[in-house]
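Predicted, not measured: the structure shown is a model, and the values here were computed from it.
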Amino acid sequence: MKPLGPIPKGFEAIGGELAVGGKPVSALVEEAGSTPLFVYSRERLSQRVAELRAAMPERLGINYAVKANPYGPVLEHMATLVDGFDIASGGELEIVRKAGIDPAKVSFAGPGKRDEELQAAIAAGVTLNCESPGELDRTLDLAKRMGTTPRIAFRVNPSFEIKGSGMKMGGGAKPFGSDVDLVPEMIARALVNGAEWRGLHIFAGSQALSAEALVETQAKTLELAGKIAHAVGNPLPKLNMGGGFGIPYFPGDEPLDIAAIGSELGEKLAHLPAELGEAEFCIELGRYLVGEAGVYLTRIVDRKESHGTTYLVTDGGLHHQLAASGNFGTVVRRNYPVAIASKFTAEPEEEANVIGCLCTPLDRLADAAHLPRADVGDIVAVFCAGAYGATASPAQFLGQGPAAELLV
Ligand SMILES: *Cc1c(COP(=O)(O)O)cnc(C)c1O
């Protein structure tokens, strides 16, 4: 028997079934017309942002990192909740524009922006988080030819990273941002060329569950921003402090203590050095805002035994849930939170492996899980499916195609 990850709080049962947004899964599947599907809860999204706002200093803006979940209705709902949006491609620029989001609230990071993408972002008035001296040259050139003032922030490759974070994106040689010693000259060059300097972007990692590590990273981030602003000799207009707030996916993971982070940050923002005193501040979060609000539902199409092991074979799999299968940034495979959604309140009574429908041994949704007895037709829920699910999985693999999506 292997433990399952913790089911996020806020999910209820109706008539013994898992319910999302007040609807039991059988009704949700009927509404979508098929399985597999992703269901996102409007209420869970709103609640999450409200809790975060209550914990964070008022001065701190909250941005949504669109790549975590770019589904149109989710984005439109997030637009009513957050202060800004971070995108990472020209495609995401199109998506935020379709959702009716004001480009002035959007910043665009990413190490390989093409000229067409830079041009579209400059024309729209999006803030470009400049990743290198070469990208700055191209941006200034394009803006000059377009006769437009580009809005540029500078992404810094910090010399630190969040301790114990899931995905390291700072410290030492990195493809992201520019090394600290290059940045003051880049800012000066942007200013001389008439660009609007929109500040700094410092992102030091992802999926951290330790408040202590995040507090330490935020302190270092503020210190680094102060040093750079001092070297430039101009007050900093804005600091995007990155994010890295994680969610519990695996057995033993504990939720992040946001109250501790918020009170420490509140203290720091109340006692800023002069070069940071006028700055706007924001954090950018993806999975923390949307991850726990989503559930992936897939139907059991076969039940079989092999050498004494029970397999519940579903019509979903890693082509929609690469992360839950253990193949997206994890070294050792551990179980996500998984349940038999159509028998949500039933007691566990057997050990079973929940697998996907793909012809590969990698397609596992739960290993040796303790579950209620489930049969063909039952619906399995994989929780924590609101971020990096639908668009971070190889949906075209084996000709399967995408899953349906619903916001309820
Ligand atoms: C991916 C990414 C994020 C979002 O990360 P989460 O772990 O989903 O919060 C934020 N900022 C940058 C620069 C990113 O690349």
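- In this structure, CE on Met78 lies 11.0 Å from CG on Leu407, to the nearest 0.5 angstrom.
- Test Leu18, Thr35, Val39, Leu37 against Val25 for side chain to side chain contact (heavy atoms under 4.5 Å, CB included) and you get one pass: Leu18.
- In the displayed structure, Arg114 atom CZ is contacted under 6.0 Å by at most 12 heavy atoms of other residues, nucleotides or ligands.
- Side chains of Val215 and Lys268 form a contact here, defined as non-hydrogen atoms less than 4.5 Å apart.
- Under 3.5 Å, the side chains of Glu305 and Thr310 contain a donor-acceptor pair of N or O atoms.
- The local environment of CD in Glu196 is crowded, with over 12 non-hydrogen atoms from other residues, nucleotides or ligands closer than 6.0 Å.
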inquiry  = Between Asp378 and Arg299, does the salt bridge (Lys or Arg N to Asp or Glu O under 4.0 Å) criterion hold? Intermediate values first, please.
reply    = CA-CA 6 Å; Asp378 274 316; Arg299 195 184 286 281; over 6 Å; no
inquiry  = If you apply the rule salt bridge (Lys or Arg N to Asp or Glu O under 4.0 Å), what do you find for Asp367 with Arg364, and how did you get there?
reply    = CA-CA 7 Å; Asp367 283 348; Arg364 292 138 74 186; 2.6 Å; yes
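- Using modelled atom types, no side-chain atom of Thr148 and backbone atom of Pro150 make a donor-acceptor pair closer than 3.5 Å.
- Between Phe203 and His201, the angle of the ring planes lies from 30° to 60°, which puts this pair in the tilted group.
- Residues Pro3 and Arg334 fail the side-chain proximity criterion, which asks for heavy atoms closer than 4.5 Å.
- For the pair Arg48 and Tyr288, the cation sits on the ring face: its NZ or CZ lies under 6.0 Å from the ring centre, inside 45° of the axis.
- Nearest heavy-atom pair, Ala366 versus Arg333, reported as atom, atom and distance to 0.1 Å: N-NH2, 3.7 Å.
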inquiry  = Would Glu17 and Ser26 count as a side-chain hydrogen bond (donor to acceptor under 3.5 Å, both in side chains) here? Give the steps.
reply    = CA-CA 8 Å; Glu17 293 182 38; Ser26 53; 2.9 Å; yes
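- Side chains of Glu292 and Pro248 form a contact here, defined as non-hydrogen atoms less than 4.5 Å apart.
- In this pair, Phe383 and Phe11 present their aromatic rings perpendicular. The plane angle is above 60°, beyond the 30 to 60° band.
- A donor-acceptor pair is defined here as one N or O able to donate and one able to accept, closer than 3.5 Å; such a pair exists between the side chain of Thr314 and the backbone of Ile355.
- To the nearest 0.5 Å, atoms CD1 (Ile62) and SG (Cys282) are separated by 10.0 Å.
- In this structure a side-chain-to-backbone donor-acceptor pair under 3.5 Å is missing from Thr298 to Val380.
- Counting heavy atoms from C-beta on, the side chains of Cys130 and Met186 come closer than 4.5 Å.
- Under the 3.5 Å distance criterion, the side-chain polar atoms of Asn327 are left unmatched by any main-chain donor or acceptor of Leu318.
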query = Could you walk me through whether Glu131 and Arg155 pass the salt bridge (Lys or Arg N to Asp or Glu O under 4.0 Å) check?
reply = CA-CA 6 Å; Glu131 304 264 352; Arg155 182 166 180 181; 3.0 Å; yes
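- Within 6.0 Å of atom CD in Glu351, more than 12 heavy atoms from other residues, nucleotides or ligands are found, so the atom counts as buried in its surroundings.
- Aromatic pair Tyr296/His320: ring centres closer than 6.0 Å.
- Here the side chain of Asn353 pairs no donor or acceptor atom with the backbone of Tyr311 at under 3.5 angstrom.
- Remark: Glu76 CD is packed, more than 12 non-hydrogen atoms of other residues, nucleotides or ligands lying under 6.0 Å away.
- Between the side chain of Ser178 and the backbone N or O of Val183, no donor-acceptor pair lies under 3.5 Å.
- Taking all atoms of both residues into account, the shortest heavy-atom contact from Cys384 to Tyr336 is O-CE2, 3.9 Å.
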Listing, residues 53-61 side-chain donor-acceptor contacts under 3.5 Å, not counting sequence neighbours, or none:
residue	atom	partner	partner atom	Å
Arg53	NH1	Asp83	OD2	3.0
Arg53	NH2	Leu81	O	2.8
Arg53	NH2	Asp83	OD1	3.2
Arg53	NH2	Asp83	OD2	3.2
Arg59	NH2	Gly277	O	2.9
Arg59	NH2	Ala279	O	2.8

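- Considering only heavy atoms from C-beta on, Leu406 comes within 4.5 Å of Glu31 through its side chain.
- Heavy atoms of other residues, nucleotides or ligands lying less than 6.0 angstrom from CD of Glu350 number more than 12.
- Checked by atom type and distance alone, the side chain of Asp179 never pairs as donor or acceptor with a backbone atom of Leu182 at under 3.5 Å.
- For Lys67 and Tyr388, the positive end is not near the middle of the six-membered ring at less than 6.0 Å and at most 45° from its axis.
- Around CD of Glu94, the count of heavy atoms belonging to other residues, nucleotides or ligands within 6.0 Å does not exceed 12.
- Closest heavy-atom contact between Ala208 and Ile162: CB-CG2, 3.7 Å.
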key: Stepwise side-chain contact (heavy atoms from CB on, under 4.5 Å) check, Ile300 with Asp375   = CA-CA 7 Å; Ile300 296 173; Asp375 289 289; over 6 Å; no
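- Atom-to-atom distance recorded for Ile228:CD1 and Ile202:CD1 is 5.5 Å, nearest 0.5 angstrom.
- Side-chain N or O atoms of Thr360 include one that pairs as donor or acceptor with a backbone N or O of Leu362 at under 3.5 Å.
- In this structure a side-chain-to-backbone donor-acceptor pair under 3.5 Å is missing from Glu92 to Ile87.
- When the shell of 6.0 Å around CD of Glu349 is examined, it contains more than 12 heavy atoms from other residues, nucleotides or ligands.
- Residue-environment remark: NZ (Lys227) stays at or below the threshold of 12 foreign heavy atoms within 6.0 Å.
- Checked by atom type and distance alone, the side chain of Asn129 never pairs as donor or acceptor with a backbone atom of Ala153 at under 3.5 Å.
- Annotation: side chain of Val82 is not in contact with side chain of Asn63 (no heavy-atom distance under 4.5 Å).
- For the atom pair CD1 (Ile101) and OH (Tyr64), the distance works out to 9.5 Å, reported to the nearest 0.5 Å.
- Heavy-atom minimum distance, Leu276 versus Phe281: O-CZ, 3.8 Å.
- With a 4.5 Å cut-off on side-chain heavy atoms, Arg42 and Val408 do not count as touching.
- Asp363 and Gly317 make their closest contact through OD1-CA, 3.2 Å (heavy atoms, listed as atom of the first residue, atom of the second, distance).
- For the pair Phe160/Thr217, a side-chain contact is recorded, criterion being any heavy-atom separation below 4.5 Å from C-beta on.
- Note that CZ of Phe245 and CG of Leu209 are 11.5 Å apart. Values are rounded to the nearest 0.5 Å.
- Residue Gln207 holds its CD atom at 9.5 Å from CG of Leu256, rounded to the nearest 0.5 Å.
- For the pair Leu285 and Gly243, the tightest heavy-atom approach, listed with the atom from each and the gap, is CD2-CA, 3.7 Å.
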